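Some notes on the structure that comes next.
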Amino acid sequence: MVTKTLSILFVASEVEGLIKSGGLADVAKALPKSLKKLGHNVSIAMPAYITIPGRDDADILLSTKLEHWPHTAYQVRALDVDGVPVFAIECAEYFDRAEMYAENNQAYADNGERFAFFSAACLDMLPKLNIKPEIIHANDWHTGLVPYLLKKRYSNDAFFAQTRSVLSVHNAVFKGIFHYDEIECLSEFKSHYVPEAAVSHSHVSLLKAGVLCADKINAVSPTYAKELLTELGSHGMANEFQSREADLFGILNGCDYSEWSPEVDSFIPKQFKANRISMVRGKKACKAALQAEVNLPQKDVAVYGMVCRLTNQKGIHYLLPILEQFLKNDVQVVIVGTGDPFLANQLAEISAIHSDKFAFVEAYSNKLAHWVEAASDFFLMPSEFEPCGLNQIYSMAYGTLPIVREVGGLKDSVIDYDTDSENATGFSFKKPDPIELLLILMRSLLLYSQDLNEVKRVQLHAMTQNFSWDEAADKYLKMYLS
């Protein structure tokens with residue numbers, strides 16, 4: 001247990017409770033909250049997107065201009081998420097837009113400049129507000145320039161003499177690659193030769209800049225830390241991660257059980273506990289409500305749920321070739337998500353043909369995400385790669401058995417039934433192949449059909465698993481001090 005009190009600034013592009021597009025936002029809320037609970041002085045910095053509820057009513061802490069960016073004024077507004085103070089950096093030119101990163105599945109053309117500005121402003125505001133963190137914890141490419149600027153621009157600044165940086169890599173496939181001209185406002189990049197960031201004579205990677213300049217690097221699961229040392233697992237950045245191997249950690253994300261627990265979940269139709277009678281009754285009520293909500297017949301069959309971004313990363317391309325074959329069985333499948341229009345169209349077509357067994361909801365819905373977790377018997381995560389994943393952890397809390405591919409955090413968190421039935425919490429397969437997925441789906445359905453009591457036992461065992469953020473937060477603290 002770490003006893004020294006630290007001052008920590010967590011820097012992220014999104015925070016659940018204010019604005020969210022994916023799992024990064026969950027971490028950006030839960031980890032700071034747990035660090036504060038452990039007695040540390042924690043705050044969060046994020047962009048003040050115009051779509052954040054209550055943004056314009058929040059107090060203005062600072063109105064200034066960014067040094068080295070003389071024509072861009074910004075303000076810092078005071079927000080709050082679960083008692084953790086949030087410094088929201090407001091700049092209409094960059095953040096008064098309909099979405100955070102993209103519209104109509106097209107990234108904003110100036111994303112490099114937008115998040116370079118945000119990273120620079122995060123550091124620029126600190127002396128002006130007289131906030132002196134010992135640790136600045138950046139996340140993914142959006143904030144990769146925070147460690148870079150701290151090392152390059154502020155290395156001789158007495159104000160930051162005791163400040164160290166950490167970069168968490170949530171998904172290395174997104175490297176933040178931009179042409180030098182797209183971020184020419186950054187004075188350090190005007191030379192067009194920045195070895196800590198360069199990926200070619202004309203382009204830089206903001207993630208690479210962070211990886212090579214952060215004091216410590218964290219991958220969001222132990223297995224993902226190992227995968228980042230390989231060409232395949234790092235998506236082409238193996239040399240950079242290998243060069244920092246001594247400073248590379250792998251800490252599995254936790255679960256915020258105040259948000260994801262069937263005992264307290266305000267979204268689901270019936271709350272339930274980790275005992276057989278309560279779980280069976282609760283999941284039965286939730287299943288009936290979900291079936292009615294998505295227009296599936298209300299019957300007691302095995303329900304397979306999936307909530308995800310529609311991308312190949314999430315294994316949709318493994319599921320699509322075998323989905324109709326699987327639907328020949330007495331099952332129901334519910335998929336909720338948005339993303340690639342091509343994948344969405346394919347799912348919609350199958351749903352139209354098999355409307356009595358398959359429901360596809362093309363939406364981002366927090367309510368439906370909770371309903372699917374609570375109502376399903378099994379949860380699909382056949383990911384091509386998965387740095388950590390959170391839905392498999394949420395699923396276990398609701399007695400819903402995850403079906404996963406053995407990669408990244410999925411491998412670290414799910415115990416396969418066929419490997420260790422006594423301690424199992426789900427089902428897993430290794431080979432990235434549609435037929436392998438079909439085989440494990442059929443294996444789970446066979447168990448459900450032949451021994452429902454055994455399925456209930458495994459579901460109850462899964463509900464007893466504890467992925468508390470408090471344990472993960474203590475590991476982060478040890479990394480901060482290492």
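Remember, predicted model here, so these are calculated numbers, not experimental data.
- None of W141, F189, F115 except one satisfies the ring pair (Phe, Tyr, Trp, His ring centres under 6.0 Å) rule with F178; the exception is W141.
- Heavy atoms of other residues, nucleotides or ligands lying less than 6.0 angstrom from CD of Q162 number 12 at most.
- A distance-only check finds no donor-acceptor pair linking the side chain of D110 to the backbone of E113 [under 3.5 Å].
- Atom CG of L319 and atom CE of M381 lie 13.5 Å apart (nearest 0.5 Å).
- Ion pair E16/K29 flagged as a salt bridge, since at least one NZ, NE, NH1 or NH2 atom sits closer than 4.0 Å to an Asp/Glu carboxylate oxygen.
- Judged purely by atom type and a 3.5 angstrom limit, E259 has no side-chain atom pairing as donor or acceptor with the backbone of D256.
- Checking side-chain atoms of S221 against main-chain N and O of N253 turns up no donor-acceptor pair under 3.5 Å.
- D416 places a side-chain N or O within donor-acceptor distance of the main-chain N or O of S428, the cut-off being under 3.5 Å.
- Taking the charged nitrogens against the carboxylate oxygens, K151 and E196 have no contact shorter than 4.0 Å, which rules out a salt bridge.
- Ring pair F385/H235: centre-to-centre distance below 6.0 Å.
- W469 places a side-chain N or O within 3.5 Å of a backbone atom of G254 that can act as its donor or acceptor partner.
- Between the side chain of H317 and the main chain of N312, a donor-acceptor pair closer than 3.5 Å is present.
- Relative ring orientation between Y94 and F117 is described as tilted, the plane-to-plane angle lying within the 30° to 60° band.
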Passes side chain to side chain contact (heavy atoms under 4.5 Å, CB included), Y154 versus L123? Steps please.
-> CA-CA 9 Å; Y154 296 100; L123 297 173; 3.7 Å; yes

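- Between the side chain of D265 and the backbone N or O of Q271, no donor-acceptor pair lies under 3.5 Å.
- Side-chain contact between F95 and M100: absent, with no pair of heavy atoms (C-beta onward) separated by less than 4.5 Å.
- The backbone N or O of C388 sits less than 3.5 Å from a side-chain atom of Q392, completing a donor-acceptor pair.
- Contact check on E386 versus K314 returns a salt bridge, with a Lys/Arg side-chain nitrogen under 4.0 Å from an Asp/Glu carboxylate oxygen.
- With respect to the salt-bridge test (charged N to carboxylate O, under 4.0 angstrom), the residues K20 and D26 qualify.
- Formation of a donor-acceptor pair under 3.5 Å by the T425 side chain with backbone atoms of A462 is not found in this model.
- Two rings, from Y476 and H137, have their centers less than 6.0 Å apart.
- Dense packing is recorded around CD1 of I60, with more than 12 heavy atoms of other residues, nucleotides or ligands lying under 6.0 Å away.
- Salt-bridge annotation for R55 and D96: present, with a side-chain N of the basic residue lying under 4.0 Å from a carboxylate O of the acidic one.
- Taking a cutoff of 4.0 Å between a charged side-chain nitrogen and a carboxylate oxygen, E134 and R164 do not qualify as a salt bridge.
- Side-chain contact between L79 and I52: present, with at least one pair of heavy atoms (C-beta onward) separated by less than 4.5 Å.
- For N156, the CG atom is loosely surrounded, since the number of other residues' heavy atoms within 6.0 Å does not exceed 12.
- Within the model, atoms CG of L62 and CG of D124 stand 8.0 Å from one another, a figure rounded to the nearest 0.5 Å.
- By the 4.0 Å N-to-carboxylate-O rule, E90 lies close enough to R77 to be salt-bridged with it.
- Within the 4.5 Å cutoff, the side chain of I316 has no heavy atoms near those of the F342 side chain.
- Atom NZ of K411 is surrounded by 12 or fewer heavy atoms from other residues, nucleotides or ligands within 6.0 Å.
- Side-chain atoms of N104 never come within 3.5 Å of backbone atoms of Q106 as a donor-acceptor pair (strictly under, hydrogens ignored).
- Both cation-pi conditions hold for R97 and Y108: the charged atom is under 6.0 angstrom from the six-membered ring centre and inside a 45 degree cone around its axis.
- A distance of 6.0 Å or more separates the ring centres of W69 and Y74.
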